Amino acid sequence: MTVLKTSLRNFLAHKGRMALSAIAVLLSVAFVCGTLVFTDTMNTTFDKLFQVTSSDVTVSAKGASDTGETTSDTGKPPVLPAAVVGRIERTPGVKSAEGTVFSTSVTVVDGDKEKLSPTSGAPTIVGNWNANDARTMKITTGAAPKGAGQIMVDADTAKKHHLKLGDDIGVITAVGTHHARVSGIATFTVTNPGAAIFYLDTKTAQQALVGTTGVFTNVNVTADQGVTDARLKRDVSAALGTGYKVQTAKEVADANQQDVKSFLDVMRYAMLGFAGIAFLVGIFLIINTFSMLVAQRTREIGLMRAIGSSRRQVNRSVLIEALLLGVVGSVLGVGAGVGIAVGLMKLMGQIGMHLSTDDLTVAWTTPVAGVVLGVVVTVLAAYLPARRAGKISPMAALRDAGAPADARAGVIRAVIGLVLTGAGAAGLAAAAASDHATTGSAWLGLGIVLTLIGFVVIGPLLASGVVRVLGAIVLRVFGPVGRMAERNALRNPRRTGATGAALMIGLALVACLSVVGSSMVASATDQLDKTVGADFIVQSDNGSVITPQAVDALKSTPGLERVTEYKILPVTMTTPDGKVSKNESLNAADPSYAEDLRTKTVQGDLADAYGADSMSVFAGFAKDHGIKLGSKVGVAFKDGRTAELTVRAITSDEVVVDKGAMYVSIATAKKYVPADKMPLDLLFFATAKEGQQDAAYKALKASLHDYPQYTVRDQTDYKQALKDQIGQLLNLIYGLLALAIIVAVLGVVNTLALSVVERTREIGLMRAIGLSRRQLRRMIRLESVVIALFGALLGLGLGMGWGATAQKLLALQGLKVLDIPWPTIITVFIASAFVGLFAALIPAFRAGRMNVLSAIATE
């Protein structure tokens with residue numbers, strides 16, 4: 001009980017000093033709990049949606065996907081004959097059956113040809129208005145569509161794009177473009193996760209999406225009372241026979257949920273990973289806090305030992321303080337986590353994915369996990385300072401506050417740090433020299449972990465040298481004040497090393513990812529320059545196929561020397577070793593593709609692969625199946641006949657564009673695939689006549705003006721799009737890493753605040769002999785700047801080493817250019833100095849307000 005009382009007294013006596021450490025725990029726990037609550041809420045939202053929107057049994061064509069996205073590579077969904085509805089209705093146990101038709105391979109535009117698709121990645125769906133949709137949507141304005149000239153839109157899409165009754169809407173599909181005017185607006189009665197949904201009447205939907213009437217993509221079946229979904233599925237399957245996909249409501253919901261789950265899992269684990277980084281940084285803050293508190297209370301602890309307190313009691317006292325800190329920070333963190341989850345839901349709403357707070361899901365495991373994690377991490381972080389406190393002898397009561405450093409422990413620490421850093425460097429070297437990405441990745445991971453731990457352990461040794469160099473460059477210009485700031489930073493290298501290490505971790509990851517991202521862009525750009533011979537690339541940004549009407553418009557564009565079609569054909573291959581490879585694909589293109597994409601070959605000439613009954617394979621496939629030039633490969637085309645093709649070229653695996661592709665000419669494919677089953681073009685390559693590139697670029701855009709679903713890019717546009725994609729991903733990661741950097745800044749603030757308290761008497765003496773308030777504040781700010789620059793220098797250097805090694809592994813995948821983004825690195829380094837200035841504002845202000853006489857009298 002005495003130990004508990006002492007711990008409570010000390011905790012409350014230093015509550016101001018504990019606040020910043022508590023904030024670090026709070027932020028880390030909040031991020032973990034916020035991630036769990038947010039992803040659980042999304043799961044709940046989608047579960048409710050899928051359960052409500054699924055009929056008892058759904059019947060679809062055999063080629064339809066499990067998730068209901070029924071669009072094939074022809075741009076049209078696989079369909080069922082309308083007669084199937086009657087057969088199902090006559091099945092025992094069926095209460096009703098309703099045919100529906102819908103497609104997700106659509107582009108919807110307004111009267112100005114602006115796309116109405118969601119920006120969140122959710123699908124655009126066009127279908128017929130039916131009874132199943134009426135269960136989840138209520139018409140709030142206007143009426144349901146009747147006739148070819150009417151269309152209904154969901155309320156969220158109407159609000160986002162300012163649509164109203166009578167507005168012109170264009171539905172673009174593989175069949176063509178269908179125009180209609182808004183007849184009604186329907187509001188979801190359940191949460192809409194962000195899809196844009198448009199409704200036509202049944203006949204119009206069939207004609208616009210499939211090109212013919214009398215067909216459906218699905219049949220929604222409702223069971224009679226007392227008939228289970230499983231029994232209904234068996235009866236319907238028996239009535240229809242083979243050739244159909246029959247699923248219960250649970251099976252449809254599970255398939256849809258599995259699709260969503262993979263996305264949510266990536267999001268959850270990524271965010272938890274960044275929360276883990278924040279926790280790691282927070283550990284340094286907590287260790288620093290308790291180390292400095294123990295050092296400042298050396299004399300007090302010595303007195304406690306002198307009057308009979310055991311080492312175990314002193315140790316336990318410090319750990320109880322850490323327990324209290326962990327409990328307070330974690331409990332507040334759980335509450336903040338719910339707030340973060342709500343904030344993330346609002347943010348998702350801004351980008352189009354609407355999540356209702358009515359579905360907010362806080363499982364009992366979330367607060368338990370947050371509190372346990374926060375408390376355990378805090379207590380473990382405080383263990384070393386607590387152990388150090390327990391070793392203080394009663395004789396310390398006779399000395400001034402502050403325990404002398406253990407020189408022997410410092411030597412052992414330096415040796416361990418050097419060994420770990422050397423082992424990590426060896427791991428990175430092994431990764432860079434690896435010939436296989438899998439093996440190299442394992443070495444890279446080991447090297448990153450060991451070098452990170454090594455730098456943390458060796459931090460005090462590095463601080464002694466690096467701070468002197470930084471001091472000579474940065475601080476000496478400030479005269480005596482700068483030299484005092486340097487000496488203050490060097491006074492306790494262990495503390496400076498730990499504080500710098502907290503900032504080092506976040507900046508090392510920033511530097512590593514910057515190098516990797518910049519190298520990927522530079523490598524891809526280099527590959528494009530070397531391999532792409534075409535001037536323009538035409539494709540849909542959502543992966544939709546190119547309609548025949550758009551193909552005609554594209555081919556009739558003036559100023560083009562050649563146009564190359566490009567299709568993907570699903571096939572099954574029988575290789576010379578007798579193995580059957582299912583789910584393969586052939587890239588079918590015009591012979592001019594050999595000029596449009598100068599793919600490196602290891603054997604043969606790629607142009608020969610576009611001859612009659614010829615093909616190419618990539619080197620890895622050839623090696624696995626014993627294929628050589630002249631080998632015969634059996635190719636069974638989906639919806640077509642089987643061909644025996646001769647291998648005329650073997651392409652290199654060391655490419656970026658079309659890596660792993662196997663080529664055949666479109667003329668060869670047409671021999672074996674009927675015209676009505678031939679997939680539509682996935683993209684087009686076009687080359688302008690000599691000296692007419694600018695005119696051809698404008699002409700292409702004009703030709704495709706009526707087809708806004710397709711984008712025309714020249715090589716400059718394509719490189720910029722690639723750079724933007726990687727840049728957006730990096731910005732997202734930097735945003736998540738900002739949490740770790742915020743915690744590291746708190747660590748600098750805490751270190752300086754405690755350091756000011758520790759030096760109260762010294763500050764009073766300096767003020768007494770003439771140091772002005774302004775000079776005092778400048779000294780503390782400069783000390784903070786040099787600590788921040790020390791952490792930045794270590795972090796950026798370490799991160800660039802990691803990034804350069806990672807690029808060596810990317811080189812195995814064809815990304816061979818190493819690009820160090822020096823502007824980013826320099827900007828981050830300079831920004832670190834401002835971080836140091838910001839962190840020192842409050843400690844410097846408090847130091848400047850000290851009463852000189854009171855400070856000198858401090859024990």
Side-chain angles (χ1 to χ4, degrees), residues 270 273-274 276-277 280-281 420-456 462 466 500-527 656 719 722-738 740-741 744 789-832:
F274 288 104
I277 294 168
L280 181 61
V281 174
L420 288 171
T421 303
L428 295 178
S434 179
D435 294 328
H436 300 284
T438 304
T439 305
S441 297
W443 281 114
L444 176 62
L446 181 64
I448 287 175
V449 171
L450 290 179
T451 50
L452 179 60
I453 296 173
F455 265 52
V456 170
L462 293 173
V466 175
L503 194 58
M504 174 189 77
I505 295 171
L507 296 185
L509 291 170
V510 168
C512 174
L513 293 169
S514 295
V515 171
V516 170
S518 183
S519 296
M520 288 176 68
V521 171
S523 299
T525 299
D526 181 65
Q527 281 282 319
V656 175
K719 292 172 188 175
L722 181 68
K723 186 177 180 180
D724 290 343
Q725 288 176 4
I726 295 177
Q728 289 171 5
L729 178 62
L730 288 178
N731 288 337
L732 174 63
I733 294 173
Y734 293 157
L736 294 171
L737 280 173
I741 295 172
L789 290 178
F790 164 68
L793 197 61
L794 294 189
L796 295 175
L798 195 58
M800 285 192 288
W802 295 347
T805 306
Q807 187 276 326
K808 291 292 184 182
L809 297 180
L810 292 175
L812 299 176
Q813 307 300 317
L815 300 169
K816 296 186 176 182
V817 179
L818 173 64
D819 184 65
I820 305 294
W822 288 113
T824 301
I825 300 297
I826 293 170
T827 300
V828 170
F829 184 72
I830 294 173
S832 299

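FYI, the numbering just counts along the sequence from 1. The structure displayed is predicted, hence computed values, not measured ones.
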(request) Indicate yes or no: at least one non-hydrogen side-chain atom of Leu450 is less than 4.5 angstrom from one of Thr421. (result) no
Please list, one pair per line, the donor and acceptor atoms closer than 3.5 Å that link side chains of residues 800-811 to other protein atoms, with sequence neighbours excluded.
residue : atom : partner : partner atom : Å
Trp802  : NE1  : Thr451  : OG1          : 3.0
Thr805  : OG1  : Gly801  : O            : 2.9
Gln807  : NE2  : Leu815  : O            : 3.1
Gln807  : NE2  : Lys816  : O            : 3.2

(request) List in chain and number order the residues that pass side-chain contact (heavy atoms from CB on, under 4.5 Å) with Ala522, two or more places apart in sequence or in another chain; answer none if no residue qualifies. (result) Val817, Asp819
(request) Scan for salt bridge (charged side-chain N to carboxylate O under 4.0 Å, His left out) pairs involving residues 502-526, sequence neighbours excluded, and state none if there are none. (result) Asp526-Lys530
(message) Keeping Ser434 on the side-chain end and Ala430 on the backbone end, is there a donor-acceptor pair under 3.5 Å?
(response) no
(request) Sort out for me which residue in Ile826, Thr824, Ile825 forms a side chain to side chain contact (heavy atoms under 4.5 Å, CB included) with Leu796. (result) Ile825
(request) Determine, stepwise, if the pair Trp443 / Leu428 fulfils side-chain contact (heavy atoms from CB on, under 4.5 Å). (result) CA-CA 6 Å; Trp443 281 114; Leu428 295 178; over 6 Å; no
(request) Please name the pair of heavy atoms, one in Leu280 and one in Leu452, separated by the smallest distance, quoted to 0.1 Å. (result) CD2-CD2, 4.3 Å
Show me the donor-acceptor pairs, under 3.5 Å and distance only, between side chains in residues 722-731 and residues at least two apart or in other chains.
residue : atom : partner : partner atom : Å
Asp724  : OD1  : Gln720  : NE2          : 2.8
Asn731  : ND2  : Gly727  : O            : 3.2

Listing, residues 501-517 side-chain donor-acceptor contacts under 3.5 Å, not counting sequence neighbours, or none:
residue : atom : partner : partner atom : Å
Ser514  : OG   : Val510  : O            : 2.8
Ser514  : OG   : Tyr734  : OH           : 2.4

(request) Under the side-chain contact (heavy atoms from CB on, under 4.5 Å) rule, collect the residues that match up with Thr827, sequence neighbours excluded. (result) none
